[in-house]
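For reference, the structure discussed in these notes is given below.
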Amino acid sequence: MIEWKNFDQLNSYKTLMGLKNQVELKKVMAGENGAKRVAEYSVPMSNGMTYNFAAKQVDDTVLDALQELSVEAELTDKFSALFNGEVINTGEKRLVLHQLTRGQLGGKVEADGVDKRAFYVEQQNRIADFANKVHAGEIVNEAGEKFTTVVQIGIGGSDLGPRAMYLALENWAKVTGTFKMEARFISNVDPDDAASVLAGVDVAHSIFILVSKSGTTLETLTNESFVKDALKNAGLDASKHMIAVTSETSPLAKSSDYLDAFYMDDYIGGRYSSTSSVGGAVLSLAFGPEVFARFLNGAAEEDKLSLNADIRKNPAMLDALIGVYERNVLGYESTAVLPYSQALSRFPAHLQQLDMESNGKSVNRFGEPVDYVTGPVIFGEPGTNGQHSFYQLLHQGTNIVPLQFVGFKKSQMATDVVIENSTSQQKLCANVAAQIMAFACGKDDDNRNKYFEGNRPSSIIVGEQLTPETLGALLAHFENKVMFQGFVWNLNSFDQEGVQLGKTLAKKVLAGDTSDALAAYAKLLDI
């Protein structure tokens with residue numbers, strides 16, 4: 001029987017709190033010792049990827065303490081409970097089953113009288129069949145012409161994850177011949193968002209995906225009306241151009257307003273839904289079901305590594321525990337996610353929601369206040385763009401911000417240019433290697449303006465190339481990292497009550513039912 005205890009009630013908490021300032025990166029990363037450390041402080045991931053943590057402020061003493069924490073906090077047992085169908089989402093009294101969309105790690109999971117793995121596979125097969133018919137010209141527009149563009153309408157997890165995954169694979173698909181349809185996304189209730197997207201697509205040859213689990217999401221339904229008006233103004237029947245991704249109990253499920261409906265359920269939160277029908281429909285239409293299946297396989301292989309009780313063989317758990325050490329022991333408040341891949345330009349935004357919506361909590365899973373800090377602030381941009389932006393603060397600012405780099409040895413487009421005896425890809429990789437060492441070791445200079453203190457910790461995930469499999473592995477790594485940190489902090493990482501209050505007050509504003517101050521702000525905004 002697993003126990004859910006607050007982090008500061010564990011014996012390993014006290015051990016860790018005595019291990020501050022254990023490692024000075026300027027010393028351990030210099031010279032031959034540094035090269036040896038880079039070779040040793042490395043953990044294999046799936047699909048040929050590697051998690052390297054040599055430039056983190058940990059040593060074997062800290063790692064042993066983190067291993068002890070993983071055992072005392074029963075992290076593998078809690079993960080097992082999750083994928084075997086226990087009610088882990090205590091706030092909403094729900095199972096947490098996003099791993100089940102890409103493989104069955106444990107025994108059969110039933111909910112609502114349904115085999116959930118079979119349900120998810122059924123939806124994947126239905127989406128695959130639909131996408132293949134669209135690509136083959138069996139499902140067409142009113143004029144009997146093929147659809148050429150898919151537009152997803154959703155917000156939050158219905159937008160950030162699928163959009164990030166699409167952008168990550170768009171160029172790869174074009175080079176490999178698997179690109180089927182351009183995808184665009186409408187998310188913001190700001191009318192300029194929908195208007196801009198609609199102005200840039202041929203609506204007559206576009207198929208629209210409305211994504212709303214409840215079928216009542218205000219922003220999404222507002223943007224649906226925008227799309228329906230555009231179709232009507234073009235003389236088109238909206239029901240011949242729209243599909244829905246929703247729950248079986250929502251008003252969208254059996255509506256004649258849609259060509260078809262594909263289902264998700266309450267056991268997969270929006271930010272964890274990229275491997276469900278939420279990501280499956282748009283990615284299968286854009287790249288083909290086979291590519292989406294490869295993406296799922298990449299995630300499934302990485303999930304299997306998260307079962308390992310040895311943190312030195314479990315990259316997601318190790319990454320999570322080092323993050324806990326940085327947040328709770330070393331006192332670092334933020335983490336920067338820095339992919340050195342333009343294809344991952346929206347991946348930091350997705351991870352921002354994944355992490356901050358999951359672990360941005362000040363009460364434990366039982367609703368009791370905790371006496372320790374929890375989730376960090378997540379931000380980031382792709383390199384090398386970020387180097388010419390916020391890296392100044394990262395290098396010389398008063399706050400130390402841990403860094404998570406991601407890099408690939410090969411580009412996706414297979415085109416390059418040689419300038420000054422090196423290619424663009426070599427320059428990109430040289431920059432990430434240089435940044436890791438610059439952050440770790442700094443630079444001495446009598447001119448304090450040019451002095452770099454160093455001792456700025458980082459890790460890097462390295463892969464051969466960004467493909468469907470490596471993207472799936474990358475996604476699963478960070479999903480599982482967030483999960484393990486939530487377990488350590490004794491949080492419910494799978495609800496998001498913080499999202500709801502603003503929505504409720506916005507409805508009051510629109511209904512004219514407001515307090516004096518709220519009414520004043522409404523007047524200020526001319527509502």
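The shown structure was predicted, so the numbers you read here are calculated from the model rather than taken from an experiment.
- Counted within 6.0 Å of NZ on K450, heavy atoms from surrounding residues, nucleotides or ligands total 12 or fewer; the atom is thus considered open.
- Using modelled atom types, one finds a donor on one side chain and an acceptor on the other under 3.5 Å when comparing Q404 with D319.
- Partner F287 forms a side-chain contact (heavy atoms from CB on, under 4.5 Å) with one of W172, F292, Y166 and no other, that one being Y166.
- Using modelled atom types and a 3.5 Å distance limit, the side chains of S276 and T101 yield no donor-acceptor pair.
- Checking S70 against Q67 by side-chain atom types alone, a donor-acceptor pair falls below 3.5 Å.
- With hydrogens and angles disregarded, a donor-acceptor distance shorter than 3.5 Å links the side chain of T423 to the backbone of Q426.
- Remark: the N359 side chain and the T374 side chain contain no N/O donor-acceptor pair separated by less than 3.5 Å.
- Between the side chain of T90 and the main chain of R365, a donor-acceptor pair closer than 3.5 Å is present.
- Remark: of the listed residues T470, V432, V462, T470 is the sole one forming a side-chain contact (heavy atoms from CB on, under 4.5 Å) with F408.
- Using modelled atom types, one finds no donor on one side chain facing an acceptor on the other under 3.5 Å when comparing E219 with N188.
- Under the 3.5 Å distance criterion, the side-chain polar atoms of K78 are matched with a main-chain donor or acceptor of E3.
- The 12-atom threshold is exceeded at NZ of K427, counting heavy atoms of other residues, nucleotides or ligands nearer than 6.0 Å.
- Side-chain N or O atoms of N52 include one that pairs as donor or acceptor with a backbone N or O of A54 at under 3.5 Å.
- Side-chain contact check for E92 and N89: at least one donor-acceptor pair (N or O, by modelled atom type) lies under 3.5 Å.
- Of the candidates E479, E302, E301, E479 is the only one forming a salt bridge (charged side-chain N to carboxylate O under 4.0 Å, His left out) with R102.
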The test is salt bridge (charged side-chain N to carboxylate O under 4.0 Å, His left out); show your working for D265 and K116 and say whether it passes.
CA-CA 10 Å; D265 58 37; K116 297 309 296 184; 2.8 Å; yes
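- Scanning all heavy atoms of the two residues, the minimum distance from A336 to V401 falls at N-CG1, 3.8 Å.
- For the residue pair S80 and N84, a side-chain donor N or O sits within less than 3.5 Å of a side-chain acceptor on the partner.
- Between S284 atom OG and F295 atom CZ the span is 10.5 Å, to the nearest 0.5 Å.
- Environment of CG in D446: sparse, with no more than 12 heavy atoms of neighbouring residues, nucleotides or ligands closer than 6.0 Å.
- Within 6.0 Å of NZ on K36 lie no more than 12 heavy atoms contributed by other residues, nucleotides or ligands.
- Salt bridge status for E326 with K56: present, with a side-chain N to carboxylate O gap under 4.0 Å.
- Between atom CE of residue M29 and atom CG of residue N455 there is a gap of 11.0 Å, rounded to the nearest 0.5 Å.
- With salt bridges taken as basic N to acidic carboxylate O contacts below 4.0 Å, one links K361 and D495.
- Taking the charged nitrogens against the carboxylate oxygens, E24 and K27 do have a contact shorter than 4.0 Å, which makes a salt bridge.
- Side-chain N or O atoms of Y325 include one that pairs as donor or acceptor with a backbone N or O of L19 at under 3.5 Å.
- Using a 3.5 Å distance cut-off with no hydrogens or angles, the side chains of D59 and Q22 do pair a donor with an acceptor.
- Other residues, nucleotides and ligands contribute only 12 or fewer heavy atoms inside 6.0 Å of the CD atom of E32.
- A salt bridge links E170 to K174: at least one charged side-chain nitrogen sits closer than 4.0 Å to a carboxylate oxygen.
- Rounding to the nearest 0.5 angstrom, the gap separating the OG atom in S493 from the CG atom in L82 is 10.0 Å.
- Expressed to the nearest 0.5 Å, how far CG of L471 lies from OG of S341 amounts to 9.5 Å.
- For the atom pair CZ (F487) and CZ (F7), the distance works out to 15.5 Å, reported to the nearest 0.5 Å.
- The shortest non-hydrogen separation linking G397 to R456 is O-NH2, 3.1 Å.
- Judged purely by atom type and a 3.5 angstrom limit, R117 uses its side chain to pair as donor or acceptor with the backbone of L100.
- Heavy-atom minimum distance, L344 versus A168: CD2-CB, 4.0 Å.
- Residues H395 and E453 bring no donor and acceptor atom of their side chains to less than 3.5 Å of each other.
- A cation-pi geometry, defined here as NZ or CZ lying under 6.0 Å from the six-membered ring centre and within 45° of its normal, holds between R37 and Y41.
- Ring pair W4/F366: centre-to-centre distance not below 6.0 Å.
- The closest donor-acceptor contact from the side chain of Q152 to the backbone of S158 lies under 3.5 Å.
- Taking a cutoff of 4.0 Å between a charged side-chain nitrogen and a carboxylate oxygen, D355 and K481 do not qualify as a salt bridge.
- Closest non-hydrogen pair, T15 versus E68, comes out as OG1-OE2, 4.1 Å.
- Inspection of the N364 and E368 side chains reveals an N or O donor paired with an N or O acceptor under 3.5 Å.
- In this structure, the side chains of N399 and S334 stay at 4.5 Å or more apart for every pair of heavy atoms.
- A side-chain contact (heavy atoms from CB on, under 4.5 Å) with W489 is found for one member of N328, V373, V370 and no other, namely N328.
- A side-chain donor from one of R271 and Q496 sits under 3.5 Å from a side-chain acceptor of the other.
- Taking the six-membered ring where the residue is Trp, the centroids of Y272 and F494 are separated by under 6.0 Å.
- The shortest heavy-atom contact between P457 and L25 is CA-CD1, 3.7 Å.
- Judged purely by distance below 3.5 Å, without hydrogens or angles, the side chains of S306 and N480 pair a donor atom with an acceptor atom.
- Taking CD from Q435 and CD from Q387, the interatomic distance works out to 4.0 Å, rounded to the nearest 0.5 Å.
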